[in-house]
Each structure stands twice: as C-alpha cells, then as structure tokens.
*Asks:* 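Right, I'll just put the structure down here and ask away after.
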Protein chains: 2
Amino acid sequence: MTLTIREAIPGDEALVLQFIGELAAYEKLAHEVVASEGDLRRTLFADNPKIFALIVETKGEPCGFALYFFNYSTFLGRHGLYLEDLYVTPEARGAGAGKALLARLARIAKDNDCGRLEWWVLDWNAPAIAFYESLGAEAMSEWTVNRLTGPALANLAAKDRAHGDTG
Amino acid sequence: MTLTIREAIPGDEALVLQFIGELAAYEKLAHEVVASEGDLRRTLFADNPKIFALIVETKGEPCGFALYFFNYSTFLGRHGLYLEDLYVTPEARGAGAGKALLARLARIAKDNDCGRLEWWVLDWNAPAIAFYESLGAEAMSEWTVNRLTGPALANLAAKDRAHGDTG
C-alpha cells in the first residue's frame, strides 16, 4: 500500500478536528475536546505558525495525521521536535501509516537540527508503548508532567501584580 | 526583599548558561549539558525566536531564571505555555523568587490566551513537587514522556526515504 504524506493546508480544519476527536475518544478524553475549526485555522494557518500538521493518505484518502511544534532543550542548547498528536484511523492501522508519519517527523527533526523527538504516551496504551519501544524510544519515567489550568492558573497570574517591577 | 523580573537580553548568555549548569547539577544531570553561549545566542535571540527567558533579580543582582516556549493543546485548540527550566540560586531561595517567576509566566500565559501552564518535574524532587502542589498544579501521572534521540532518531529519519512521496 502506497502511503503519501503531505502538509495540512487551509481547508483541512474539519478533517484535522475529526481526527482529534477520534484520538480523544480512543484516549477516553473526548470530554476534554473543545477545539473548533476556527481555533485550528487561527493556530495552524497563522502568518507565523508555531504548530504544524501532516496528513497521511492511502490511495488519496486521508487516514491519519500528526501535529507537532518545536520544543527546546537547555542542556543541548538546541530545539527538539515535539509530537503533540499522532493518529491513524482504525481501518488503516497495521499498514505502516503511523511509522511513516514518525519517520517523516524524525527527518524534519534532523533537517531542523533538532536533538530529540519527544511525545507523551498514556500509561495504559500498551500497543502504542510497544510500538514506540520498537523504534528505540526511551520512556522518561522519572519525569512527571505538571499542569496548571483554570482557576489555579488565573489565581497565580493575578499574583504577578503584587511585584513592583516593570516587566 | 524586592524582586524584579526582566526579559533576558543579548549579553545574558553566560549568565543563563551558568544557571542552566547549576540547575543540571541539582538535577544530577550535569553530564548532559553540552549547550554553549553561542547556542543560546542563536536560539534565544534569533530574529523570530521560539524560546524566551526571564531573569529574576534581587537588589539588581540576577538570582534565577525561567526559560519557556509555547506548546499546544489540540483538545483546546489553543496554545499553552511550557516552562522548560526554572531555577533560583541557593542563596536566594525562600524569598519568593521562584513563585514570582511562575506568577509572571502565568500572566504571560493569560495574556497570550494560553489554556495551560505546563512543565515536567523529577519524581524525587520533593521540595519542587510540594511547591507546585501548593500552587494548584496537577500531576499528570498517567502520562509518560517518550524520547527518541541519537542513533535511534537518525535510523528512523533514514526510513523516511523509503516512501515515494513529495513532501
């Protein structure tokens, strides 16, 4: 099966949003999806975008996507490539579409002098973990992601005003 | 004690690199630091930088820094603020410099319509974990960071050429 990978272009918002929804459902996180086509248009297709998406197709039909941005390592002094989402439709799985997307991302990382390709994986997602291990990925188990959002983020932001600086 | 926060400017490379080294030593990862002042100059002070740094000062003397960039949530359709490094010198700890930096970051996140402020923490760094919990941060324990680097990254990038696409 021939796989083709292309960059997402304006007009792909509905497709990307559909894939995001399907990925969220697989991750049992569908209730967290509030993104709209307009949100994707504004961020993916901004004048100077900070995020990028690839679409993988088989026989001209989209069957998955990857969304990424550039992160950074202060230890390396170099950017890395961070994979936010990777998704292949159930019908297309097992034919190498996910690996093709990851290989393309690895090449984009090398072409941009990135020292690393990184992503997060859910602890219970055994098929994904096995797949990533087969590629030589290292699980950074001693690190935990922390997140501040909602009222806690707003409360902390409000405390910034207490400091008499000029920033 | 009055704390002042300012953006890092060209000329701060040596200072930032010193702080990165001290943070790495604290994290028992000093052997991983290969960044140079030139690397920091090229990436922090690029024409269109993707990373940003804040310096915190007390009585005009730098006592810590934060380095951040904008990540993304496909579920929210919005950018987030990702804190790569947060460091305060041992002498300055306990006076609120770390919290002042985090409050500034939270405000920058709000000002940029970010839905989240995120970072990683080492599992054994109990003081940091307690500090982050006190701010209302959520530990995303079911997620594990995966990293592909070195030969494994190069091997995967080389596989991209096997696909007959035009990307």
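Residue numbers start from 1 in every chain, and the chains themselves are labelled A, B, ... in the order their sequence lines are given, proteins ahead of strands.
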*Asks:* Highest number of heavy-atom pairs under 4.5 Å with chain B: which of Gly136(A), Ala154(A), Pro151(A)?
*Replies:* Gly136(A)
*Asks:* So which of Gly150(A), Gly38(A), Ala30(A), Ala139(A) has the biggest tally of heavy-atom pairs under 4.5 Å with chain B?
*Replies:*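 Most heavy-atom pairs within the cutoff with chain B belong to Ala139(A).
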*Asks:* Spell out the residues in residues 46-57 of chain B that have some non-hydrogen atom less than 4.5 Å away from a non-hydrogen atom of chain A, in order of number; otherwise answer 'none'.
*Replies:*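 From residues 46-57 of chain B, the residues near chain A are Asn48(B), Lys50(B), Ile51(B).
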*Asks:* Any heavy-atom pair between the side chains of Trp143(B) and Trp119(A) that's under 4.5 Å?
*Replies:*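 The answer is no; the side chains never approach within 4.5 Å.
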*Asks:* So which heavy atom on Leu135(A) is nearest to which on Ala152(B), and how close?
*Replies:* O-CB, 3.8 Å
*Asks:* For chain B, which candidate among Thr144(A), Asp39(A), Val33(A) shows the most heavy-atom pairs at distances under 4.5 Å?
*Replies:* Thr144(A)
*Asks:* Taking all non-hydrogen atoms of both residues, which atom of Ala157(B) and which atom of Lys110(A) are closest, and how far apart?
*Replies:*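 Scanning both residues, the minimum pair turns out to be CB-CG, 3.6 Å.
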*Asks:* Heavy-atom distances under 4.5 Å only: say whether Asp85(A) touches chain B with side chain, backbone, both or neither.
*Replies:* side chain
*Asks:* Is any side-chain heavy atom of Phe75(A) closer than 4.5 Å to a side-chain heavy atom of Ile20(B)?
*Replies:* yes
*Asks:* Do Ile129(B) and Leu105(B) belong together in a cluster built from hydrophobic side chains that touch within less than 4.5 Å?
*Replies:*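 Yes: a chain of side-chain contacts under 4.5 Å links Ile129(B) to Leu105(B).
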*Asks:* Find the distance between CZ (Arg104(A)) and CG (Asp160(B)) and round it off to the nearest 0.5 Å.
*Replies:*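 It comes to 4.0 Å.
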*Asks:* If we define contacts as heavy-atom pairs under 4.5 Å, which of Asn125(A), Leu83(A), Leu122(A) has the most with chain B?
*Replies:*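 Result: the option with the highest number of such pairs is Leu122(A).
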*Asks:* OG1 of Thr149(B) to CD of Glu118(A): how many Å apart, nearest 0.5 Å?
*Replies:* 8.0 Å
*Asks:* Got a second to check how far Ser36(A)'s OG is from Arg78(B)'s CZ, nearest 0.5 Å?
*Replies:*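 Result: 11.0 Å between the selected atoms.
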*Asks:* Please say yes or no: joined through hydrophobic side-chain contacts below 4.5 Å, possibly via intermediate residues, are Tyr82(B) and Tyr82(A) part of one cluster?
*Replies:*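 Tyr82(B) and Tyr82(A): one cluster.
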*Asks:* First locate atom CG of Asp123(A), then atom CD of Glu142(B), and finally report the distance between them rounded to the nearest 0.5 Å.
*Replies:* 7.0 Å
*Asks:* To the nearest 0.5 Å, what is the distance between CG on Leu102(A) and CG on Leu148(B)?
*Replies:*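 If I round to the nearest 0.5 Å, the distance is 8.0 Å.
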*Asks:* Does any part of the side chain of Tyr72(B), heavy atoms only, come nearer than 4.5 Å to the side chain of Leu67(A), both counted from C-beta?
*Replies:*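 Yes; the side chains approach each other to less than 4.5 Å.
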*Asks:* Side chains of Asn71(B) and Phe69(A): does their closest heavy-atom pair fall under 4.5 Å?
*Replies:*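 Counting from C-beta outward, Asn71(B) and Phe69(A) do come under 4.5 Å.
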*Asks:* Please classify the contact between Glu7(A) and chain B as side chain, backbone, both or neither, with a heavy-atom cut-off of under 4.5 Å.
*Replies:* neither
*Asks:* Please rank Leu153(B), Ile108(B), Thr74(B) by heavy-atom pairs under 4.5 Å with chain A and give me the top one.
*Replies:*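 When all of Leu153(B), Ile108(B), Thr74(B) are compared, Thr74(B) has the most.
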*Asks:* Could you see if Phe45(A) belongs to whatever hydrophobic cluster contains Leu15(A)? Use Ile, Leu, Val, Met, Phe, Trp, Tyr and a side-chain cutoff under 4.5 Å.
*Replies:* yes
*Asks:* Where along residues 21-29 of chain B does a heavy atom come under 4.5 Å of chain A, listed by residue number?
*Replies:* Ala24(B), Glu27(B), Leu29(B)
*Asks:* Applying a strict under-4.5 Å side-chain criterion to I, L, V, M, F, W and Y, I'd like to know whether Leu86(A) and Leu44(A) cluster together.
*Replies:* no
*Asks:* Given the options Val145(A), Asn146(A), Leu156(A), Leu101(A), which has more heavy-atom pairs under 4.5 Å with chain B than any of the others?
*Replies:* Asn146(A)
*Asks:* Hey, what do you get for CZ (Arg116(A)) to CZ (Arg147(B)), rounding to the nearest 0.5 Å?
*Replies:* 3.5 Å
*Asks:* Does any heavy atom of chain B fall under 4.5 Å from the side chain of Leu117(A), the backbone, both, or neither of them?
*Replies:*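 Looking at Leu117(A), backbone and side chain both touch chain B.
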*Asks:* For the residue pair Thr43(B) and His79(A), establish whether any side-chain heavy-atom pair is separated by less than 4.5 Å.
*Replies:*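 Yes, their side chains come closer than 4.5 Å.
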*Asks:* Checking Phe70(A) against chain B: side chain, backbone, both or neither under 4.5 Å from a heavy atom?
*Replies:* both
*Asks:* Same hydrophobic cluster for Trp124(B) and Tyr132(B), using side-chain heavy-atom links shorter than 4.5 Å among ILVMFWY?
*Replies:*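 No, no single cluster joins them.
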*Asks:* Determine the option with the most heavy-atom pairs under 4.5 angstrom with chain B, choosing from Ala109(A), Cys114(A), Gly80(A), Ser141(A).
*Replies:*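 Sorted descending by pairs with chain B, the first entry is Ser141(A).
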